[in-house]
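Structure, as structure tokens:
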Amino acid sequence: MMWPVLLALAGAFCLALGSALQERDAVRAPGGSVARPGLLLHLARRPRWILGTAAAGAGVALHLVALSGAPLTIVQPIGVSGLLFAIVLSAVFTRRRVRIGQVAAGAAVMVGLLGVVSLFPHTSVPPHLPLGTALVLAGVVAAAGTAAHVAAPLLPAGPRAVLLAVMGGAALGTTSALARVVAAGAARDPAAVLSWLTVLAVAVALFGGLLQQNAYRTGHFAAAYATLLIADPLTGAGIGALLLGEDLPADPAAQVVAAGAALLAIAGTAVLARARDRNPEARAEPPAPPPNQENRHDAVDPASPPPHRPTGRRR
């Protein structure tokens, strides 16, 4: 297990670096608060975003190699180690001061997530996923992600970042589960890479990437990245347990501890979603109308006679 763990750590750093680079162009891209699929085409012409994508691609490649030698329940949790790297790198790139609260919240997310996934039984079972099941799985993720994409413009920036990152993480976790099946098959027969599962994994990954970039676009990078780190491994581990023959914790005490750890991770993410931690380059939110400040004329019944106004003349 040593080499898969080291590769997963290197992949986590590369993903953090790539994501921090991608954020810079995602927040500056034209369009509404939630951009359409053309956002990816626009970003693909930005050199810095391409460099970030290359770094993230290297991280994904290292992640996939690690998956070929270890189960999802071991490889996925290691990705949380990149959260603090991502927080620091994003602050450096945008010339912001790293807040102690951000670091503490990021550490809470890491400890909480590690507490959840470390309680999963670490068993390695050769995975198998029928194509029909994979299509249903991808369809469910696509439908839920599309609904989130449509509803996201109605939310403030912080909750919007979390919603989009949850669905982006679910899509990327699904991609990891599909990649686990493909990588395990390729370890036995390299021709297994040329399968419909590979095509499906790429399609789901692109959809997840669109949601991910829109989450970064809100300016709440730390919250979005933390949410991705939570949703991605939990989705992958859940699919591994339900469809790939991997196990979940059965001991009631372990389940209680896992629930507490999950609450800790959620609390840390909520702290990271605060407005003062937002990237100053992000699109400004429209100000809300002040309460109880209606126009005085609007409050007058249009059917009533106009109010008497003195003329200033004395009798």
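Quantities reported herein were computed from a predicted structural model and do not represent experimental measurements.
The distance from the CG atom of L163 to the CG atom of L154 is 10.0 Å, given to the nearest 0.5 Å. Note that CZ of R217 is 12.0 Å distant from CD of E23, once rounded to the nearest 0.5 Å. For the atom pair L62 CG and C14 SG, the distance stands at 5.5 Å (nearest 0.5 Å). Considering CG of L43 and CD1 of I50, their distance stands at 9.5 Å, rounded to 0.5 Å. Note that CG of L200 is 9.5 Å distant from OG1 of T174, once rounded to the nearest 0.5 Å.
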Contacts table for residues 136-144: side-chain donor-acceptor under 3.5 angstrom, sequence neighbours left out:
none

Residues 202-213 side chain polar contacts: donor-acceptor under 3.5 Å, at least two apart:
unit_1	atom_1	unit_2	atom_2	d
Q212	NE2	Y216	OH	2.7
Q213	OE1	W49	NE1	3.2
Q213	NE2	Q22	OE1	3.0

Donor-acceptor contacts under 3.5 Å from residues 165-172 side chains, at least two apart:
none

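The two residues L15 and A56 come nearest to each other via the heavy atoms CD2-O, 3.4 Å. Minimum heavy-atom separation, L164 to A152: CD2-CB, 3.8 Å. Closest approach of L7 to A66, counting heavy atoms only: CB-CB, 4.3 Å. L83 and G106 get closest at one heavy-atom pair: CD2-O, 3.4 Å.
Within the structure, salt bridge (charged side-chain N to carboxylate O under 4.0 Å, His left out) contacts touching residues 146-157 (residues at least two apart or in different chains) do not occur. Residue pairs satisfying the ring pair (Phe, Tyr, Trp, His ring centres under 6.0 Å) criterion with at least one member in residues 175-194, sequence neighbours excluded, are absent. Residue pairs meeting the salt bridge (charged side-chain N to carboxylate O under 4.0 Å, His left out) criterion with at least one member in residues 47-66, sequence neighbours excluded, are D25-R48. Within the structure, the ring pair (Phe, Tyr, Trp, His ring centres under 6.0 Å) test picks out no pair touching residues 138-196 (sequence neighbours left out).
Hydrophobic clustering (side-chain heavy atoms under 4.5 Å, transitive across Ile, Leu, Val, Met, Phe, Trp, Tyr) groups L51 together with F93.
Not counting sequence neighbours, the partners of A16 by the side-chain contact (heavy atoms from CB on, under 4.5 Å) test are F85, A86, Y225. With sequence neighbours left out, L197 forms a side-chain contact (heavy atoms from CB on, under 4.5 Å) with L131, A134, L178, V181, V182, S195.
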